[in-house]
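To keep things clear, I will list the structure first and then write my remarks on it.
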Amino acid sequence: MDRPGFTASLVAGGVAGVAVDLILFPLDTIKTRLQSPQGFNKAGGFRGIYAGVPSAAIGSFPNAAAFFITYEYVKWFLHTDSSSYLMPVKHMLAASAGEVIPFSLVQFPLWESLKALWSWRQDHVVDCWQSAVCGAFAGGFAAAVTTPLDVAKTRIMLAKAGSSTASGNVLSALQGVWRTHGLSGLFAGVFPRMAAISLGGFIFLGAYEQTRSLLLEVGRERP
């Protein structure tokens with residue numbers, strides 16, 4: 001079991017985090033305003049969609065770096081044969097160790113599975129751009145199935161102080177959305193969310209793989 005380049009994973013993760021935040025922050029702002037109970041226009045519409053980008057980018061470097069070094073370490077620690085049926089479980093554990101949210105538990109095992117399938121079909125390991133495409137598909141699917149949870153989070157964040165929704169009860173928030181807006185309310189903003197996260201998956205995971213590959217190559221060329 002070879003020890004992977006943890007330093008490369010650390011730096012590549014940080015670079016990927018900054019890249020995706022700089023490019024996709026405005027789309028996330030639009031998605032949040034679409035999910036606002038007061039409506040898109042009253043929530044701000046297209047005004048100030050770049051506000052907060054610098055601070056988000058600065059904060060994303062250490063967060064993404066910490067996530068990926070944890071993810072790679074847990075994968076290395078729980079090493080199993082690539083053909084093992086336990087591979088998805090390993091990737092779920094690695095993702096949950098890095099960031100305990102349902103989105104990561106869906107996205108990363110699917111990303112790894114798509115890479116493995118593509119590698120098998122072409123009889124060699126996927127290139128960085130192919131990994132990015134797998135990341136886009138995995139991100140879009142994860143975005144779709146976790147949209148109701150994202151809607152609930154948005155409603156809780158925007159709820160008036162003292163209301164039942166503001167207490168942070170996700171099930172209560174989901175029930176409230178279902179009663180007032182039905183299924184369409186639970187999936188409010190699903191298409192911009194899918195578009196943003198698919199593009200984000202392409203940039204984030206593609207940038208990570210490309211940067212990590214370059215850093216490992218530089219490390220191997222050093223005497």
Just how far is it from atom [atom1] of [X] to atom [atom2] of [Y], taken to the nearest 0.5 Å?
{"X": "R212", "Y": "T7", "atom1": "CZ", "atom2": "OG1", "value": "10.5 Å"}
{"X": "L114", "Y": "E112", "atom1": "CG", "atom2": "CD", "value": "10.0 Å"}
{"X": "F67", "Y": "S104", "atom1": "CZ", "atom2": "OG", "value": "4.5 Å"}

Checking side chain to side chain contact (heavy atoms under 4.5 Å, CB included) for the pair L205/F108: CA distance, chi angles, key distance, verdict? CA-CA 10 Å; L205 298 175; F108 278 82; 4.0 Å; yes

Heavy atoms, side chains only, cut-off 4.5 Å: are L186 and V151 in contact?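 No. Closest side-chain heavy atoms not under 4.5 Å.
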
Test side chain to side chain contact (heavy atoms under 4.5 Å, CB included) applied to L215 and V11, step by step: CA-CA 9 Å; L215 291 173; V11 176; 3.8 Å; yes

Taking every non-hydrogen atom, the tightest pair across I69 and S9: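 Shortest heavy-atom contact: CA-CB, 4.5 Å.
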
Taking every non-hydrogen atom, the tightest pair across A152 and L174: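 Closest approach of A152 to L174, heavy atoms only: CB-CD2, 3.8 Å.
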
Can you pull the salt bridge (Lys or Arg N to Asp or Glu O under 4.0 Å) pairs that have at least one residue in residues 169-187, sequence neighbours excluded?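 Listed by first then second residue: nothing to list.
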
Can you give the donor-acceptor pairs under 3.5 Å from side chains of residues 12-22 to other protein atoms, not counting sequence neighbours?
residue : atom : partner : partner atom : Å
D21     : OD2  : S60     : OG           : 3.4

Passes side chain to side chain contact (heavy atoms under 4.5 Å, CB included), F103 versus I197? Steps please. CA-CA 11 Å; F103 180 86; I197 294 181; 3.3 Å; yes

Mind listing the side-chain donor-acceptor pairs of residues 126-146 below 3.5 Å, one per line with the distance, residues two or more places apart or on another chain?
residue : atom : partner : partner atom : Å
Q130    : OE1  : Q122    : NE2          : 3.0
Q130    : OE1  : D127    : N            : 2.7
Q130    : NE2  : Q122    : OE1          : 3.0
S131    : OG   : W111    : NE1          : 3.3
S131    : OG   : E209    : OE2          : 3.0
T146    : OG1  : A142    : O            : 2.6
T146    : OG1  : R193    : NH2          : 2.7

Within residues 194-207 or reaching into it, pairs that qualify as side-chain hydrogen bond (donor to acceptor under 3.5 Å, both in side chains) - sequence neighbours excluded: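 Sorted pair list comes back empty.
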
Which residue pairs pass the ring-ring contact (aromatic ring centres under 6.0 Å, His included) test when at least one of the two sits in residues 185-211, sequence neighbours left out?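 Found F68-F204, F68-Y208.
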
N/O donor-acceptor pair under 3.5 Å between R33 side chain and G45 backbone: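 Side chain of R33 to backbone of G45: a pair is present.
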
Tell me who clusters with L117, hydrophobic residues only, linked when side chains sit under 4.5 Å apart either directly or through other members.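 In the cluster with L117 are W120.
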
